[in-house]
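The next block holds one structure in the form of structure tokens; read it before the comments.
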Amino acid sequence: MTDDRAALQHTAAEFVRREVTPHLDDWEAAGEVPRELHAKAARQGLLGVSFPEAVGGEGGDLLDSVAVQEGFLEAGASSGLLAALFTGGIALPHIAATGNQDLIDRFVRPTLAGELIGSLAVTEPGGGSDVAAIRTTARRDGDHYVVNGSKTFITSGVRADFVTTAVRTGGPGHDGISLLVVEKGTPGFTVDRSLAKMGWHCSDTAELGFADSPVPVANLVGEEDSGFAQIAEQFVVERIALAVHAHGIAARSLELAAAYCRERETFGRPLVKNQVVRHTLVEMRRQVEVARTYTRAVAARHVAGESVIAEACLAKQTATDCATYVCDKAVQLHGGTGYLTGTEVERHYRDARILPIGGGASAVLADLTARLMGYA
Ligand SMILES: Cc1cc2nc3c(=O)[nH]c(=O)nc-3n(C[C@H](O)[C@H](O)[C@H](O)COP(=O)(O)OP(=O)(O)OC[C@H]3O[C@@H](n4cnc5c(N)ncnc54)[C@H](O)[C@@H]3O)c2cc1C
């Protein structure tokens with residue numbers, strides 16, 4: 001943590017106290033965050049952190065975006081809000097990495113300026129864990145691809161102006177997958193459903209359909225059939241980000257629980273006077289410290305240029321286990337109040353449940369780690 005990063009984290013937390021927490025309950029009820037928030041976050045210099053200035057970003061690296069996310073969560077933002085506001089973090093990196101100036105100008109710059117919203121669509125109704133098995137097809141026809149298929153569980157997909165979409169351009173398996181940017185308004189491209197969820201309520205989630213949708217070849221991201229490698233490369237950052245969501249909501253839940261336990265009295269004395277309560281708080285703290293320290297260390301190794309595919313999986317597992325434990329205990333220590341809709345720990349408890357599923361389910365990441373570490 002440098003002084004600059006601490007200042008960035010502080011700016012993010014102040015932004016949330018001013019622009020987010022007064023409205024978050026309304027956005028949770030509405031099922032989405034307003035577009036205006038993207039523009040405000042961009043003006044504050046938060047939306048483009050870790051993207052190079054050459055593509056319209058603010059510069060900085062992954063550790064800077066970790067600081068921004070930690071700042072958001074410490075100030076009471078939700079994991080769902082981060083998912084909705086920073087969907088560009090998963091929709092844009094593949095495009096930015098190609099250096100394709102046309103795609104950068106049309107999609108990356110306006111999204112980082114808060115003018116457009118983009119999504120990443122990999123998962124299909126037939127399955128999400130096995131990315132190599134995707135069935136949505138893109139058949140080349142002159143200067144267009146004709147896309148057919150469907151995608152589901154797509155974050156910000158209801159609001160998205162464009163979707164970085166994994167499609168099959170070649171044969172079966174890893175080698176036949178490409179990334180295509182599909183724009184809103186493309187014939188045959190539809191938002192078929194807005195999906196209601198257990199948590200992440202302010203993050204809209206869509207099922208998308210493609211029926212003979214013509215997409216210009218100019219919207220191909222990188223080389224044809226190189227999509228799987230591009231997706232796999234960017235998964236590292238997504239998994240570290242989800243680990244930050246996890247230890248961030250755990251840290252916030254712990255803080256709220258500790259305050260409640262100091263204030264709430266049972267049997268004539270504050271809850272915190274009971275040893276079992278104090279020990280629970282300490283165990284929650286231990287898990288938060290371990291998850292945060294390890295996740296930051298893995299992020300730092302990534303920034304230093306090391307390959308941390310396995311370590312990113314371990315960080316996500318460590319942090320999501322931490323969130324599962326800590327958010328549950330925070331609800332328990334709040335008693336009946338913790339079960340009430342609108343209590344902040346209740347929201348974090350629900351939001352925590354997606355984290356071991358999204359961005360790679362725990363069992364799938366454990367398998368990947370076993371292979372990378374030579375155990376299988
Ligand atoms: C709220 C939300 C937002 C999402 N946002 C996006 C998005 O923006 N873009 C996107 O492309 N996707 C998104 N996803 C999809 C997400 O990445 C997938 O849900 C996830 O990868 C799991 O895929 P699946 O749901 O199809 O589960 P499946 O692949 O059907 O697996 C089901 C379960 O089986 C187990 N399992 C699977 N394979 C194995 C195995 N080999 N060994 C042991 N156990 C196994 C795991 O426990 C897994 O959870 C989102 C999902 C949700 C719920």
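FYI, the numbering just counts along the sequence from 1. Atoms within a ligand are numbered from 1 in the order they appear, just like the ligands themselves.
- Among Ala363, Gly359, Ala361, the residue whose heavy atom lies closest to atom 49 (O) of ligand 1 is Ala361.
- Ranking protein heavy atoms by distance to atom 51 (C) of ligand 1, first place goes to Phe153 CB, 3.4 Å.
- The N/O atoms of Ile90, backbone and side chain alike, include none that comes under 3.5 Å of an N/O atom in ligand 1.
- Annotation: side-chain hydrogen bond (donor to acceptor under 3.5 Å, both in side chains) contacts of Arg296 (sequence neighbours excluded): Glu70.
- Ligand 1 does not have Ser119 within reach: every non-hydrogen atom of the residue lies 4.0 Å or more from it.
- Partners of Gln234 according to the side-chain hydrogen bond (donor to acceptor under 3.5 Å, both in side chains) rule, which considers only residues two or more places apart in sequence or in another chain, do not exist here.
- Residue Val364 holds the heavy atom nearest to atom 36 (N) of ligand 1 of all those in Asp367, Val364, Leu242.
- Checked by atom type and distance alone, the side chain of Asn100 pairs as donor or acceptor with a backbone atom of Asp102 at under 3.5 Å.
- At distances below 3.5 Å, at least one donor-acceptor pair connects side-chain atoms of Glu124 with backbone N or O atoms of Arg135.
- Nearest protein heavy-atom contact of atom 9 (N) of ligand 1 is Leu120 O, 2.9 Å.
- Atom 10 (C) of ligand 1 has as its closest protein heavy atom Thr123 OG1, 3.4 Å.
- In this structure, Thr293 contributes its side chain and Val290 its backbone to no donor-acceptor pair below 3.5 Å.
- Where the criterion is an N or O separation shorter than 3.5 Å, residue side chain and backbone included, Ser129 meets it with respect to ligand 1.
- A donor-acceptor contact shorter than 3.5 Å links the side chain of Arg159 to the backbone of Val33.
- For a threshold of 3.5 Å applied to N or O pairs, the pair formed by Thr155 and ligand 1 contains at least one separation below that value.
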